[in-house]
Amino acid sequence: MSKKELIGLSKQELGSEIENIGEKPFRAKQLWQWIYFRGETDFAKMSNLSKDLRAKLAENFTITRPKIVTEQLSKDKTHKWLLEFTDGQRIETVYIPEEDRGAVCISTQVGCAVGCKFCHTGSQKITRNLTAGEIVAQFMVVRDAYGEWPSPTNETRMISNIVVMGMGEPLHNQENVFKALKILSDGDGIAISKRRITLSTSGIAPLIPSVATDLGVKLAISLHAPNNEKRSQIMPINKRYPIEEILTACQKYQDVMGMSRMITFEYLMLKDFNDSLDDAYELIALMKKYHLGAKFNLIPFNPWPGCDFQPSSNNKVHAFSRELEAAGYEAPIRVARGQDILAACGQLKSAKI
Ligand code: SF4
């Protein structure tokens with residue numbers, strides 16, 4: 001009989017597994033802490049469990065990490081892993097360090113069905129959803145690499161944030177993604193605050209309110225264009241969920257979370273496509289119409305082999321940012337990270353082209 005993997009089980013499921021091997025449910029809490037607070041993968045080292053129990057656990061269960069196929073470190077210290085799961089499927093995970101903190105960019109699917117024209121991942125067909133365990137394990141691989149176990153306090157941790165912006169559309173794998181984020185934010189384990197987790201979606205409008213009602217994490221929308229005509233050209237999903245539906249869903253998110261929980265609109269600056277001042281004015285009018293607590297993240301485009309777009313000039317990006325800021329919106333220009341190792345936004349890919 002094959003052993004059951006424990007990473008990715010909810011607390012309740014872990015409790016049931018423990019009961020199934022004839023143990024008291026409170027043991028599940030101790031086990032949870034070993035797995036997610038201490039990062040332990042070896043049952044034999046779980047010193048506050050009896051020898052018998054440790055043996056029984058090792059007989060029935062495993063706690064494993066995905067295989068690290070390759071690992072690359074960028075000049076700017078951005079760190080990228082190509083990870084392989086037990087069925088041979090591969091994804092990429094990235095750690096982006098800042099001076100005193102850092103974010104792990106997590107993937108949710110092998111490939112992606114959304115097919116955004118500017119995205120390297122989108123040129124790789126969807127193979128399958130990741131399980132909750134495979135999503136959680138990506139974060140644990142990063143913690144292993146930096147030795148950040150047991151879970152440090154919020155103030156001292158370097159791996160402090162999670163952005164669900166890697167390969168895949170998270171709301172196309174909603175159940176597993178939500179389950180994984182609940183495990184990652186659980187206070188008895190990894191304990192990343194929900195305020196430090198951002199889920200980024202291409203705009204699966206009917207599911208956007210659930211990011212507030214079922215999860216309570218921050219929301220980012222990949223907008224990238226000020227109107228439906230342009231957006232549909234680069235994001236085919238816009239034909240299914242046009243901008244109006246997405247922004248109405250964003251209003252519902254903020255009805256639950258409050259206006260102060262700003263929604264980030266990601267805007268990739270594509271040369272001569274969406275980077276004119278007229279585009280900026282149209283974007284501002286759109287935001288005013290929906291009265292959203294919004295901020296923008298202007299992203300310099302990172303070209304990848306075979307893509308059709310070019311990055312906007314620096315001058316244009318700055319002019320665009322100034323217009324948005326003059327209208328009262330924060331609009332920082334994101335500094336491209338990890339470009340030399342294809343780890344920047346929209347560049348992730350796990351299969352050969
Ligand atoms: S940008 Fe996101 S949603 Fe669009 S194809 Fe890439 S991974 Fe999928």
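Values reported hereafter were calculated over all heavy atoms of this structure, with side chains retained and with hydrogens, waters and symmetry mates removed. Read the numbers this way: they start at 1 and go in the same order the structure lists the ligands and their atoms.
The cationic group of R38 does not satisfy the cation-pi geometry with W149, failing either the under 6.0 Å distance to the six-membered ring centre or the 45° limit from the ring axis.
Of all the heavy atoms of C112, the ones lying under 4.0 Å from any atom of ligand 1 belong exclusively to the side chain.
For ligand 1, the atoms sitting less than 4.0 Å from at least one non-hydrogen atom of G115 are 5 (S), numbered in the order shown with element in parentheses. For ligand 1, the atoms closer than 4.0 angstrom to any heavy atom of C119 are 1 (S), 5 (S), 6 (Fe), 7 (S). Taking a cut-off of under 4.0 Å to the non-hydrogen atoms of G168, the atoms of ligand 1 that pass are 7 (S).
Of all the heavy atoms in K24 and I18, the pair that sits closest is O-CG2, 3.4 Å.
A single hydrophobic cluster is seen to contain both I21 and L49, as judged by linkage of ILVMFWY side chains at heavy-atom distances under 4.5 Å, directly or through other members. I284 and I263 end up in the same hydrophobic cluster when Ile, Leu, Val, Met, Phe, Trp and Tyr side chains are linked at under 4.5 Å.
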